[in-house]
> 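One structure follows; several queries about it will come next.
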Amino acid sequence: MAEESVLRDDFLRQLISVGEVDILVGLATHNNAKTVGPVVKAIQAGILTYFPRERAAIINADGGSRDGTPDLVTRVSIDDARPAGNLRTLRTLHSISTHYGNGPSGSALRTILAAAELLRAKACAVISPESVNIEPDWISRLLRPIYNENFDLVLPLYRRHKFEGLLMRNVIYPMTRSLYGCRIREPYATEFGFSGRLGSDFVNRDIWSHEMARSGPELPLTVAAMTGGYRLYQSFLGTKAPMDRGSNDLVPALRHTVGALFWSLQPNFAVWSASPNSQPVPTVGPESEVALEPVRVNRKRLRDAFLTGVAELDPVFRSILSPSTLAELQQIAGRSEDDFRYPAELWVKTVYEFAVSYHKSVMSRDHIIQALAPLYRGRMFSFLAENRNGSAEDIEHNIETLCGEFERLRPYLLKMWNGGE
Amino acid sequence: MTLNNDVLWYKDAVIYQVHVRSFYDKNGDGVGDFQGLAEKLDYLQDLGINAIWLMPFFPSPLRDDGYDIADYRSVHPAYGTLEDFQAFLAAAHERDIRVIIEMVLNHTSDQHPWFQESRSSPDNPRRDWYVWGATDTGYKGTRIIFVDTEMSNWAWDPVSKSYYWHRFFSHQPDLNYDNPSVREEMWNVMKFWLEMGVDGFRLDAVPYLVEREGTSCENLPETHAILKELRSKLDEQFPGRMLLAEANQWPADLRPYFGDGDEFHMAFHFPLMPRMFMGLKLEDRKPITEILQQTPEIPAGCQWCMFLRNHDELTLEMVTDAERDYMYDMYAEEKSMRLNVGIRRRLAPLLDNDRRRIELMNGMLMSLPGTPIIYYGDEIGMGDNIDLGDRNGVRTPMQWTGGWNGGFSAAEPEKLSLPLILHPVYGYPAVNVLAQKRSEHSLLSWMQHIVSVRRSTPVFGSGTIEFLYPANHRILAYVRQLGKETILVVNNLSGAAQAVELDLRQYKGNILIEMSGRNIFPRVGDLPYLLTMGPYQFYWFRLRRI
Amino acid sequence: MRDMIVSELTQAMQELARGFAHFLPRLIVMLIIAFVGWVIAYILKVVLRAILRLAQFDKLSESAGAAHLLTQAALPSSTELLSRFGFWVAWLGFLLLGVSVLGIAGLQEHISNFFLFLPRLFVALVIVFFGLLAASFFSRAALLAAVNANLPSPRLLSLSIRTIIIVFVLSMVFEELGVGEQTMLVTFGTAFGAVMLGFAIAFGLGGQRLAQRFLERRFLPGTKEEKEDELPPL
């Protein structure tokens, strides 16, 4: 297949003008005019405060905004043709924008990665245009470990509510940890920093023709760092901004995280089948700070979704799950609301069997991911019930137990993976 | 005298700054002298310069390298006699080279007879020639310039049991310009030299002439009034002579020293110089364009004086704290390279002896608006000796040959006023005039070439400047224009090759002729003009419509 | 009389023998054709299989969901299936060619008809194959979407979609084969109309609220939704 060019000609000309940089901050936007202003201001302040001497650029990959988002981003440029009032800076700061086309959102990251490679950026960060509570020191927290200490990937830690980010805590964190041996709390992040080395390795991988990498390459990037012998780091950033609902809908979220994780298993078989022991990652700040104030959750709907799923998706589950697992699911579906528990072991088996079915393509892979949604909701219901009055330590303990289960059942995954079924 | 009658000669001049003591020792006593300087005039003529700025050569205890003058009407015996000076002056004029000398108005040496008289008794008629105080509390708002050596601007005089005012070293008491007889006497001193034929004065430390309570004692209106008075006398009696201000100030504060064209002819552009070094290190034109954007227009007969390095430290007073820290970290890693608020190093070591960067910096010096000054030795890439105290490290003897004392003096090496550089890279065996004269590709030959190109047109000296702002910020590009002549200058501040697109639409139809090699470049069309530049490369293009 | 019978018999025998002698070479030729055809078809099969393997056809059909369909129907892999199909079509063609050599009257016409019919048959088979694939894929997609969107009766929806697609596919197939075109058209029309009517009634009665909710969500962005159960998963 002929290599399509990721970079448009006009963007390339802008890149030529930017030239080599030390620091690059990428921003993938699409109609974010409401929030992007303060975010780029904070990025600019962060660069000027923490990297005043370094050559820096802000790269905006825009998906065709119609609300003037790119203008807001490019406006924070500092150069001599447009003197920036009272801002006294040592050097020019470029903020440039390109339209990455009509491709999926992963193309934005690809554009940023390609720009970073062309500009030979030493340390890069990606910031979500919706992170309205960004502080300038995020730039330092994400980039310093890379720029000064030669780390390759800096992932964030957030202060979160105890019932937020449950997909991360129930699947992504424990599964990446047990399979790839890195205790990274947020393997899928909207803010992260990466080294030029890692970025250019990743952008040149032969993965971009795959739908998975094109729609959600963030997790594959993390996995690439975990499996490629790169140095990882976690930086505490503070409270996570509430994300735009669209990106937080369950099924797209599953696609970008669980789907990407499942997808990564095949190329990295050699790594996870070798049973690595998980290692802690250098971290600054608290590893898991949780807020405990009560939230109103309609748990009944979670359970209903699970029950409907188990009843209606039976033919689908028959192809995906093993008969014993399916039988157990049907059994817990029959319990009353108070007795309902989705135990950790069953949950891990469910996830692993889904992963194997995904690997074997027993049906359209997207359907497999979609089929996980009702089961995840069931697990949520159970998790909320178990931790309703739990303290931060209790939750941490439960997650640790779940991680143990994921690790313990890894041979089970391996057996099914190799099984000829 | 063969000098032309151009009263604006300083606008098109290329000035060579030289220290008599360190240039050439004719009589073999270890100290450079006027006879030696006169002998080397041919060398300077070859270099292409047409003005010499001499550092102080007056009798002096030499505690501040001659800026502490003990007699304004004579020559320091080590440098020769007044006759030697006159002979040198005549020889220079024969070669169409003008001579600018130092005039230290603000202060004298404490060894000067005036001060000796003044301190002798409160009733002495010269008592009022200096600024005396019963306490050391006056003029509180005044900053201390030599922060490394001086604690106060007042010094205790044990003889007259009172305090005297000094802005520089404590052995340099400030003259009292509120006293009309001081003003009269200083004009007489200047007249003395003007009548002898000198072409201009560099007036040292001009912002500090007058003191007023409750002010910073700098740039006061009274000071300007005194300077204007000097200028009007000069114009009246000696037309065509020039006054150059040394005032280390921001451009906006410097502007009043030009008055309405009735104060100074020229003034040093101090803030630009560190920013040229900064722009080069940052590989970003922003510091340079910014300071030039902030530089006000000056009256028609006036001119900026530009320099890369001089006899003082590379001053960092006119930069922000962040910029100063950056400059220190980039150009003066070792603490011993720093002095006061600056860096005491020469051009070549500052630029890591990188020929391309030295050429680029000189190219910018010669093409930005103003009259360039070449500091002696920088045309061959001399080094410095930071082990010598104060600023002596950049005032070591000129390196003429690879032989005895670098060809500077026949004296025993121990007798030299300052030791020669012996560094393996910068020492006189490696860096000297003789060797460079013999090579077409030496820095000296290149300097001769660039000076001749610069002097081939008046555009650089008198033309207007308009910056182009190509998107590539590593490229500093500007258009100089005078009458019908237009010159495009493009500098690559980066150590890597660059592509740049210049918006030259207003010059559509012109052909570009590179001024150094006289080659023709493509005609300017509607599209952005694309140039590729090698590392630290620069072009001067003459625009011609044919 | 007897002589006559004998001579007639002899003559008949002779004719039979002549006829047989006349027929035998053709039979031999036919057998040869059949054998050569078998060899060619076998080679064709091997080549086809190799090409398909090279083109990773299995993977292709896997991602299309066809592999699963075949597994369910206890059929061999799609590569195997296609190459076997190629083999049989080729050999059958040769066999019929051989039969035509026999010169049996009337058979010729049928055989040539068969050859004319063959491409249509092939197209029909392809339509059935992809039709079944599509039916399975879309019905499952609808099922999952309905479950995840909490729509009522997901299975009914899924089944309806599958039925419609299959009916549609069958009608295409029969049209392609030219069998009972009119009948099929009418049958399809009736079936499709019935299903649509069913939908219309079902949605009209049961989907009123659903439609209302949908419209509100679409056009009244200010409307607060009950979203508490959607804890941000990430």
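Atom set for the values below is all heavy atoms of this structure, side chains included, hydrogens, waters and symmetry mates excluded. Lettering of chains follows the sequences in order, A, B, ..., and the numbering in each one begins at 1.
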> Taking the six-membered ring of B:Y529 (Phe, Tyr or Trp), confirm whether the NZ or CZ of B:R523 is under 6.0 Å from its centre and within 45° of its axis.
no
> Side chain, backbone, both or neither: which part of A:E20 has a non-hydrogen atom closer than 4.5 Å to chain B?
both
> Name the option with the most non-hydrogen atom pairs under 4.5 Å to chain A; the candidates are B:I288, B:D329, B:V500, B:V319.
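Winner by heavy-atom pair count: B:D329.
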> Is B:K281 positioned over the aromatic face of B:Y331, cation under 6.0 angstrom from the ring centre and no more than 45 degrees off axis?
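Geometry flag: set, cation within 6.0 Å and 45°.
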> Under a 4.5 Å cutoff for heavy-atom pairs, which residue among B:T320, B:T289, B:L282 has the most contacts with chain A?
B:L282
> Do the numbers put B:R338 on top of the ring of B:Y328, so that NZ or CZ is under 6.0 Å from the six-membered ring centre and no more than 45° off the axis?
yes
> Is any NZ, NE, NH1 or NH2 atom of the basic residue among A:R75 and A:D71 found under 4.0 Å from an Asp or Glu carboxylate oxygen of the other?
no
